[in-house]
Amino acid sequence: MPRRMSWKLLALIALCAATISPARAADEDLQSWAAATATIDVNKKVVVWLEGQLRMTDNAARAGQILLRPGIGLKLDKTTTAMLGYAYVRTDPIGPALMNEHRIWQQLAFRIAGDGKGVTLTARSRLE
């Protein structure tokens, strides 16, 4: 190996070795999340979105977070709906203080596969 190449290789190995940090043990916490959503057609163009989530933490022994997201949407076509809503998020971590958040959210939901009558695959893009 040429002398210049071995110097670069040695410098690269030294740099990598200097940035390695020891592994740290991870805290383990079994969580359980439950969610329910409903879409209600008001008419051919307008929908109401209701969503609720309960996220259990501390080995699924207590409610760590509760999310409520109502919204209203406009059907852009047979497969795509644009929505706007409000989110209430209650977070109760161990240690830090309880937090209550109020957010506006927007979402674009669209069908990827299926006809909406049987098994249907959908996706969404949400900004909170």
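From E51, atom CD reaches atom OG1 of T39 across 9.5 Å, with rounding to the nearest 0.5 Å. Taken to the nearest 0.5 Å, the CG atom of L30 stands 10.5 Å off from the CG atom of D58. Note that CH2 of W33 and CG of L54 are 11.0 Å apart. Values are rounded to the nearest 0.5 Å. Taking CD of E101 as the reference point, atom CG of L67 lies at 8.5 Å (rounded to 0.5 Å). With rounding to the nearest 0.5 Å, the separation of CG in D92 from CG in N100 is 9.5 Å. Within the model, atoms CZ of R90 and CE of M99 stand 11.5 Å from one another, a figure rounded to the nearest 0.5 Å.
No chain of hydrophobic side-chain contacts below 4.5 Å, direct or via other Ile, Leu, Val, Met, Phe, Trp or Tyr residues, connects L127 to L84. At a threshold of 4.5 Å between side-chain heavy atoms, the hydrophobic network of Ile, Leu, Val, Met, Phe, Trp and Tyr places L50 and V46 in one connected group. Under the 4.5 Å side-chain heavy-atom criterion for Ile, Leu, Val, Met, Phe, Trp and Tyr, V42 and W49 are members of distinct hydrophobic clusters.
The side-chain heavy atoms of R69 and M83, taken from C-beta on, include no pair separated by under 4.5 Å. Between L76 and L108, some side-chain heavy-atom pair lies under the 4.5 Å cut-off. In this structure, Q65 and V89 have side chains that are in contact, with non-hydrogen atoms separated by less than 4.5 Å.
Smallest separation of non-hydrogen atoms from K75 and N43: NZ-O, 4.5 Å. Scanning all heavy atoms of the two residues, the minimum distance from G64 to T57 falls at CA-CG2, 3.5 Å. The nearest pair of heavy atoms linking T79 to D77 is N-OD1, 2.8 Å. Shown here for A35 and Q53, the closest heavy-atom pair between the two residues is CB-CG, 3.7 Å. Closest of all the heavy-atom pairs between A87 and E128 is CB-OE1, 4.1 Å.
Taking the six-membered ring where tryptophan is involved, the planes of Y86 and H102 are essentially parallel, since the angle between them stays under 30° and well short of 60°.
By the side chain to side chain donor-acceptor pair (under 3.5 Å) test, W105 is found to be paired with no residue, residues two or more places apart in sequence or in another chain being considered.
Between the D115 side chain and the K117 main chain, a donor and an acceptor come within less than 3.5 Å of each other.
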